[in-house]
Amino acid sequence: MSRELTEAVSDLREADALRITDELLESGADPLTIVAACKEAMDVIGQRFADGQAFIPELIMAGEIMQAISGKVKPHLASQPAEDKLGTVVLCTVQGDIHNIGKDIVASMLGIAGFDVVDLGVDVAIPTVVQKVRELHPQILGLSGLLTTAFDSMKATVAAVAEAGVRDQVKIMVGGAPVNEDVCAYVGADGWGKDAVAAVQLARTWVGGA
Amino acid sequence: MRMFTDDWNDLTPDQRLAARLDAWQNAPIEFASPEVKQAYVDRVQLWRDAIALKKPAHVPITPWIGLFPMRYAGFTGHDGYYDYDKLAQAWDKYHADFQPDAIAMTLAMVPGKVFEILDYKMYAWPGHGTEEDTSYQYNEREWMKDDEYDLLINDPSNYWQRYYVPRMFGALEPWSMLSPFTDLCEIPFTAPFFVPFARPPVKQMLQKMMDAGDAAMEWLQAFIAIDGEQMATLGIPSMAGSSTKAPYDILGDTMRGTRGLMLDKFRRPEKVKAAMERLVPLAINWALRSADVNRHPIVFIPIHKGADGFMSDEDYRTLYWPTFKAVLLGLIEEGLVPLVFAEGGYNERLQVIADPDIPKGRMIWMFDDTDMARAKKIVGARQCIGGNVPGSLLAMGEPAQVDAYVKDLLRKVAGDGGFLLGTGVVLDEAKPENFRAFIDAGRKYGADA
């Protein structure tokens, strides 16, 4: 039945996916198998996205279904041991930019992929980012921006992390529609991704998860 | 019903187009000299030739301009939205220094004071949610709820008035206390309609609307003077006289929001389609009214939510395009020239938008991050195209790179005409030397492209 769940989620049949989840939980199935079925579905959708057969609406809908499933499963799930997590990612849209959609998709997909995601929100002040990196020791810092004016904000954020003496402890990725290799070099990040699937792949590579 | 000419109903779409283009080219402007007048006429001719897929005297240089002139003049975004003297100084300097073939869209320089009076919640702007030197930004949220489609479909004006607008502006919340205007039809039902206007919150709202009206009028007059100056002294025409949007974008940009509408596609696809169909005549009428008043044929249509990656090709064909096409055809029927600005990538959409049902040489497609050689081959065979010079290049590159980019772009796509040299983004940020290189390269390589 977890196969059915994977298929229902990856085919974005919301009502079926939620019904199967309820049935699995009622039948006393191990909640971890439900989590695993969801991860598998996300891999299927991620692959379809990479192949040009799924698009942003499909990623968002899948995230929505998985969030609903997660809400059902959580009460049945003892807290997940930390070693199961791939790592911690601190994520935000940089100061001066309030665009959230791309960042939210990345947050959702990293979470499903097994990362602990700390989403600081949008228009995040540089000292807040530095403070969170110091406090949480994330493996990865993700900076998002849609405006061309965000490039300077990204650059200043990366510089502030360096100034705080923690630059070598964290890998920094940047993303957002206008971001490319030149922007990545300009702001001094370690990597960039053209979309959320690329961000997850990059994050996995960095923590040795794929 | 207002008509552009007395015999409008007897004219064919081709005749209507010619009438509107002539009105634009022969606008009643008091030019500074006969030379300036000739420069204006010549520039409009560049546009006419490009639209008709002919080779103009040179490639028209028509960048999208946002805050760049403010920064170029040493001012901030906040100055542009609040201080019309500084706006005028910046606009005069930009146009005098660069002499492009269209006026920067003054419309993008929005009046902060109007939004303050109305307590505008849908956007942030400098000093109100964003920093002093950024442009306005949309607050992404479900301004229309997922269960309100039927309200919208049954009576769009009532929906706007009593549900959507009160959320958009804090000062207009009392609109929700008023009855629909469609109640007004016979004497016994007339007085009750006016009763809510006796309530203090409604009276306060009306006062704020009048104050906003004064502030908007002040902005409009500044704006007319600034644009008029560029036309009269430099002979530069304005780029558009009206605006509209694609029905899918009306819903996705500021009503259901990007995420909300993407989920609706799965959860209530029939409602989405019905709402879009309902919005088609509204979208046409919106452009038509301004176009007639401003006597300008070009309709600015920024499009967003159908870009590459935002939906499948199948969804674009079946969901996005049909109602957008209906809007385009409705505008073309009226002799208007849709100027579509396809932000983001449009590589997957080129075959669809080169739709043979849209008459040849009747609209303009400006692209952003799209393969221009392919766009030229597929869309350029039927319509004028343009745009594409990346904002990131102008913001971070070097003049030699800008020169090389423009040279290569014009070599690839401008040879036989039907092309406008423009930017891929509405330009807020650019190194002045890069923008200079963009203009110079356009002149150098566009003269004999």
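What's counted below: heavy atoms across the whole structure, side chains too, no hydrogens, waters or symmetry copies. This one's a predicted model, so the numbers in the text were calculated from it and none came from an experiment. Here is the naming used below: chain letters follow the sequence lines, and residue numbers restart at 1 for every chain.
- The contact between B:Arg71 and chain A is made entirely by side chain atoms (from C-beta outward), counting heavy-atom distances below 4.5 Å.
- The neighbour count for A:Glu163 CD, taken as heavy atoms of other residues, nucleotides or ligands under 6.0 Å away, does not exceed 12.
- Looking at A:Gln95, both its backbone and its side chain come within 4.5 Å of chain B, counting heavy atoms on both sides.
- For A:Gln67, the CD atom sits in a loose shell: 12 or fewer heavy atoms of surrounding residues, nucleotides or ligands are nearer than 6.0 Å.
- Other residues, nucleotides and ligands place more than 12 heavy atoms under 6.0 Å from the OH atom of B:Tyr149.
- Between atom CD1 of residue A:Ile60 and atom OG1 of residue B:Thr258 there is a gap of 7.5 Å, rounded to the nearest 0.5 Å.
- Between chain B and the options A:Gly52, A:Gly96, A:Pro178, the largest number of non-hydrogen pairs under 4.5 Å is found for A:Gly96.
- Summarising the geometry, atom CD belonging to B:Glu429 is positioned 5.5 Å from atom CG belonging to A:Asp152; distances are rounded to the nearest 0.5 Å.
- Contact between B:Lys265 and A:Pro57 at its shortest, heavy atoms only, is CE-CB, 3.9 Å.
- You'll find the side chain of B:Thr130 stays beyond 4.5 Å of the side chain of A:Asp123, heavy atoms only.
- By number of non-hydrogen pairs under 4.5 angstrom with chain B, the leading residue of A:Asp97, A:Val179, A:Leu59 is A:Asp97.
- With a 4.5 Å cut-off on non-hydrogen atoms, B:Asp369 does not touch chain A at all.
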Take B:Glu140 and A:Val122 through the side-chain contact (heavy atoms from CB on, under 4.5 Å) test and state the conclusion after the steps.
CA-CA 11 Å; B:Glu140 181 78 41; A:Val122 298; over 6 Å; no

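- In plain terms, the two heavy atoms of A:Ile98 and B:Gln137 that are nearest each other are N-OE1, 2.7 Å.
- For A:Leu147, the part sitting under 4.5 Å from any heavy atom of chain B is the side chain, from C-beta outward, and nothing else.
- Applying the 6.0 Å contact sphere to NZ of B:Lys412 captures more than 12 heavy atoms from other residues, nucleotides or ligands.
- Between B:Ser392 and A:Phe151, the closest heavy-atom pair is CB-CE1, 3.9 Å.
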Trace of the side-chain contact (heavy atoms from CB on, under 4.5 Å) decision for A:Glu14 with B:Arg267:
CA-CA 9 Å; A:Glu14 185 176 26; B:Arg267 291 174 172 162; 2.4 Å; yes

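- If you measure heavy-atom distances from B:Glu131 to chain A, the contacts under 4.5 Å come from the side chain alone.
- For a residue to count as touching a neighbouring chain, one of its non-hydrogen atoms must lie under 4.5 Å from one of that chain's; by this rule B:Phe266 touches chain A with the side chain only.
- Note on B:Gly391, B:Ala430, B:Ser312: by heavy-atom pairs under 4.5 Å with chain A, the leading option is B:Ser312.
- Under a cut-off of 6.0 angstrom, the local environment of CD in A:Glu135 is crowded, with over 12 non-hydrogen atoms contributed by other residues, nucleotides or ligands.
- Of the two parts of A:Asn180, only the side chain, counted from C-beta on, holds a non-hydrogen atom closer than 4.5 Å to a non-hydrogen atom of chain B.
- Other residues, nucleotides and ligands place no more than 12 heavy atoms under 6.0 Å from the NZ atom of B:Lys271.
- Heavy-atom neighbours of B:Lys145 NZ from other residues, nucleotides or ligands within 6.0 Å: above the threshold of 12.
- Once rounded to the nearest 0.5 Å, the distance linking CE of B:Met311 with CZ of A:Phe55 reads 10.5 Å.
- Top candidate by heavy-atom pairs under 4.5 Å with chain B, chosen from A:Glu64, A:Glu58, A:Gln53, is A:Glu64.
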